[in-house]
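Written below as structure tokens is the structure these notes are about.
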2 protein chains.
Amino acid sequence: MRQNTLVDSTVMERLRAAGLRPTRQRLALAQILFGQGDRHVTAESLFNEAKSQRIDVSLATVYNALHDFTGKDMLREISIDSNSSYFDTNTGDHHHFFFERSGKLQDIPSEHINIASLPEAPAGAQISRVDVIIRVKA
Amino acid sequence: MRQNTLVDSTVMERLRAAGLRPTRQRLALAQILFGQGDRHVTAESLFNEAKSQRIDVSLATVYNALHDFTGKDMLREISIDSNSSYFDTNTGDHHHFFFERSGKLQDIPSEHINIASLPEAPAGAQISRVDVIIRVKA
DNA sequence: AAGATAGTTTAGAATAATTCTAAACATGTT
DNA sequence: AACATGTTTAGAATTATTCTAAACTATCTT
Ligand SMILES: [Mn+2]
Ligand SMILES: [Mn+2]
Ligand SMILES: [Zn+2]
Ligand SMILES: [Zn+2]
């Protein structure tokens with residue numbers, strides 16, 4: 001709890017810096033998301049994690065927060081599986097293993113994949129992102 | 001119509017070869033899907049295309065057919081956008097441009113992307129597919 | 001050519017992820 | 001404290017997709 005105060009203030013600064021009001025709900029969710037290493041969550045998984053920590057937050061707020069954070073580049077959204085969207089706390093350039101059985105994602109640092117010779121983008125098209133997804137049966 | 005008979009029989013053979021009964025609906029849908037070059041469709045787009053050709057088929061049947069064809073490796077399913085699944089008539093090894101505005105996909109032959117040094121797959125994991133998606137703002 | 005059999009199609013209901021609505025509430029400002 | 005604006009929420013709505021069970025049809029058997 002003493003530790004928490006410190007961490008909370010870090011998260012609070014991040015929210016303020018992004019221009020998002022540091023509400024109780026956002027602080028709690030941001031703490032879960034950014035308080036540890038890189039993570040990949042779904043709205044549902046984050047909602048459940050919050051519930052298990054007795055954080056009282058609605059599912060709609062979880063969606064709102066995920067989209068707000070994504071809009072401020074604190075998260076990136078990934079569509080891999082048509083069942084649900086993933087949100088990634090690692091917004092840097094990197095790629096993913098996708099474990100088809102468990103539905104889990106694992107980062108691949110961008111240096112570990114060397115994409116030689118990208119094709120030229122079609123006329124007047126700017127590349128906004130290159131995603132490499134390695135699906136593994138496991 | 002005379003031409004159609006020829007093409008129909010080709011499609012019919014494909015369905016039979018796959019062990020799928022060549023029903024009126026599957027023949028019509030397969031004709032739309034495989035009768036021209038490579039295509040990327042959604043359930044909805046295929047359903048609309050069928051309707052515009054006065055082919056009387058239900059949406060459930062479109063979904064059934066897409067999944068049946070995918071199960072027989074006549075199509076591959078791609079999740080790019082959380083709104084809906086795409087089905088690709090090109091089942092070979094290749095990659096995609098994804099045009100964010102229009103939601104359209106464009107093939108990139110696999111020779112055009114050179115992936116040097118894939119990371120080793122995690123212990124006991126077999127790679128089932130590697131997808132490269134280049135999202136472009138256009 | 002019937003008849004039997006198993007696979008297919010269909011309308012509509014059901015499900016699941018996500019978004020919307022509008023009212024209550026909290027935060028930051030004056 | 002009062003105000004303005006942003007946020008949260010329950011529950012309804014929306015959308016993509018799947019399910020159900022009954023009608024239908026392709027194919028096999030006789
Ligand atoms: Mn989304
Ligand atoms: Mn869905
Ligand atoms: Zn990641
Ligand atoms: Zn393709």
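In the text below, chain A, chain B and the rest are named by the order of the sequence lines, each starting its count at 1. Quick note: numbers below take in every heavy atom, side chains included, and nothing from hydrogens, waters or symmetry partners.
Taking the six-membered ring where tryptophan is involved, the planes of B/Phe97 and B/Phe99 are tilted, since the angle between them lies from 30° to 60°. Between A/His94 and A/His40, the ring planes are tilted. Angles from 30° to 60° get that label.
Between A/Asp68 and A/Arg26 there is a salt bridge, with a side-chain nitrogen of the basic residue lying less than 4.0 Å from a carboxylate oxygen of the acidic one. A salt bridge links B/Arg76 to B/Asp131: one of the charged nitrogens lies within less than 4.0 Å of a carboxylate oxygen. One finds a salt bridge joining B/Arg39 and B/Glu49 here, because a Lys/Arg side-chain nitrogen approaches an Asp/Glu carboxylate oxygen to under 4.0 Å.
When each of B/Arg21 and B/Leu59 is assigned the nucleotide of DNA chain C with its nearest heavy atom, B/Arg21 is the one assigned upstream, toward the 5' end.
Residue B/Tyr63 has no polar side-chain atom (N or O) positioned under 4.0 Å from OP1 or OP2 of D/dT18. Dashed line: the shortest gap from a side-chain N or O of B/Arg24 to OP1 or OP2 of C/dT9 is not under 4.0 Å. Side-chain N/O atoms of A/Gln25 include one lying less than 4.0 angstrom from OP1 or OP2 on D/dT9. Between B/Thr61 and C/dT10 there is a side-chain N or O to OP1 or OP2 distance below 4.0 Å. Side-chain N/O atoms of A/His67 include one lying less than 4.0 angstrom from OP1 or OP2 on C/dT19.
The overall bend of the helix from C/dA1-D/dT30 to C/dT30-D/dA1, read as the angle between its terminal helix axes built from five base pairs each, is 20° when rounded to 10 degrees.
Within 4.0 Å of A/Asp56, counting heavy atoms only, lie sugar-phosphate atoms of the nucleic acid but no base atom.
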